[in-house]
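For the numbers below, each heavy atom of this structure counts, side chains included, while hydrogens, waters and symmetry mates do not. Protein chains get the first letters and strands the later ones, always in sequence-line order, with residue 1 at the start of each.
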2 protein chains.
Amino acid sequence: MLQLTKRTEYGLIALVHIAERGAVDSGAFVSAREICDRYPIPRRLVAEVLKALQKHSLVESQRGATGGYALSRRPEAITLGQIVAALEGAPPLTSCESPIVLKGGGCEVQPLCPIRSPVHRVREQLWGLLEHTTLESLLPQPSGARARTSPTLS
Amino acid sequence: MLQLTKRTEYGLIALVHIAERGAVDSGAFVSAREICDRYPIPRRLVAEVLKALQKHSLVESQRGATGGYALSRRPEAITLGQIVAALEGAPPLTSCESPIVLKGGGCEVQPLCPIRSPVHRVREQLWGLLEHTTLESLLPQPSGARARTSPTLS
DNA sequence: TCCAAATAGCACCAAATCGGTGCGGTATCG
DNA sequence: CGATACCGCACCGATTTGGTGCTATTTGGA
């Protein structure tokens, strides 16, 4: 499916929320509870997602009573591609997209597969798009650049 | 998953093959058997996929002994977006991508969802990419070596 | 000091989707 | 007639997804 999973959506929401709270690099920590209090996301899921993001060094975690999560980089240094790769596995671009072989041929021989090469081109453009979209660009314009109504979550 | 299904890949292969054979608009018909003789695709699957493509008016079918499938339009008038939409359902762009609601809020109220609007933007770009990629551009350079898909959208 | 809050880790589950198949029916050409 | 080829339905197993239970561990604060 050409669709983001719920995990990724939850991750995006969590990251946007953390970014809005200004929790960057141990400056402050946002708890999973705060996130799922605000949005109807199961607490367990948000924890699982954040854990995955932490493993990919996108967020840092702090245990204990006042613990939580914080971005490990500034929002403009985090890309959608990194988030998706962290939550949905390595980009399928690397693995042979269409392991189609001619009868008797091998997929290794590129000229035999009619669509592998062009589809790879498309996939690369797609990931390029994701890589050029930063977390910051997903934030609801904090400094009033655009006239979008701020959610005013806090 | 941000990945095309096997069905879509099979569909692309079938369409590319049909296009290469010059079967356009009842000019000639390519049988499913010919396709799966050439590529290791289960005959049943290719038939199912072609049927779906036919329902979406991307190919036409002819029953009988010398029957088969033909493109209903020229390859440059068929886009990747149309193919994907036919084989993986309506573009998820229309349905609310992240049905996230604030506690007590509704997803209908757009300003409340922090990521819906930005994610929609990204999705639109993505589909724009697919819509600008024609079946012709997926062909292995028939004559004019214009293997472009869409020019720099970022 | 002790408890509450919070993350970490593991196993587990139900439902949906995906890839693929069986079987019979119908149309068409030779 | 009969071979070829599309059509339609139901069905199956495997994988993925979305989600939960429970417990351990860490940490701050009353």
side-chain contact (heavy atoms from CB on, under 4.5 Å) involving [X] - partner list, sequence neighbours excluded:
X	value
A/Ala70	A/Ala23, A/Phe29
B/Ala14	B/Ile35, B/Val46, B/Leu50
B/Glu131	B/Thr79, B/Gln82
B/Glu60	B/Asp25, B/Ser26, B/Ser72

Separation of [N] [atom2] from [X] [atom1] (nearest whole Å):
X	N	atom1	atom2	result
B/Leu53	D/dC7	CG	C1'	15 Å
B/Glu88	D/dT16	CD	P	16 Å
B/Ile18	D/dA5	CD1	P	14 Å
A/Leu87	D/dG18	CG	P	11 Å
B/Glu34	D/dC6	CD	C1'	15 Å
A/Leu4	D/dT16	CG	C1'	16 Å

Do B/Leu126 and A/Leu2 come close enough that some side-chain heavy atom pair is under 4.5 Å?
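Yes. Closest side-chain heavy atoms under 4.5 Å.
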Going 5' to 3' through nucleotides 1-17 of chain C and flagging B where a protein heavy-atom sits under 4.0 Å of the base, S where only the sugar-phosphate is that close, and - otherwise, we get ----BSBSBB-------
If the condition is salt bridge (Lys or Arg N to Asp or Glu O under 4.0 Å), which residues does A/Glu34 pass it with, not counting sequence neighbours?
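Scan of A/Glu34 (salt bridge (Lys or Arg N to Asp or Glu O under 4.0 Å), adjacent residues dropped) gives A/Arg21.
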Are B/Tyr10 and C/dG20 close enough that a side-chain N or O sits under 4.0 Å from OP1 or OP2?
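Checking C/dG20 against B/Tyr10, a side-chain N or O does come within under 4.0 Å of OP1 or OP2.
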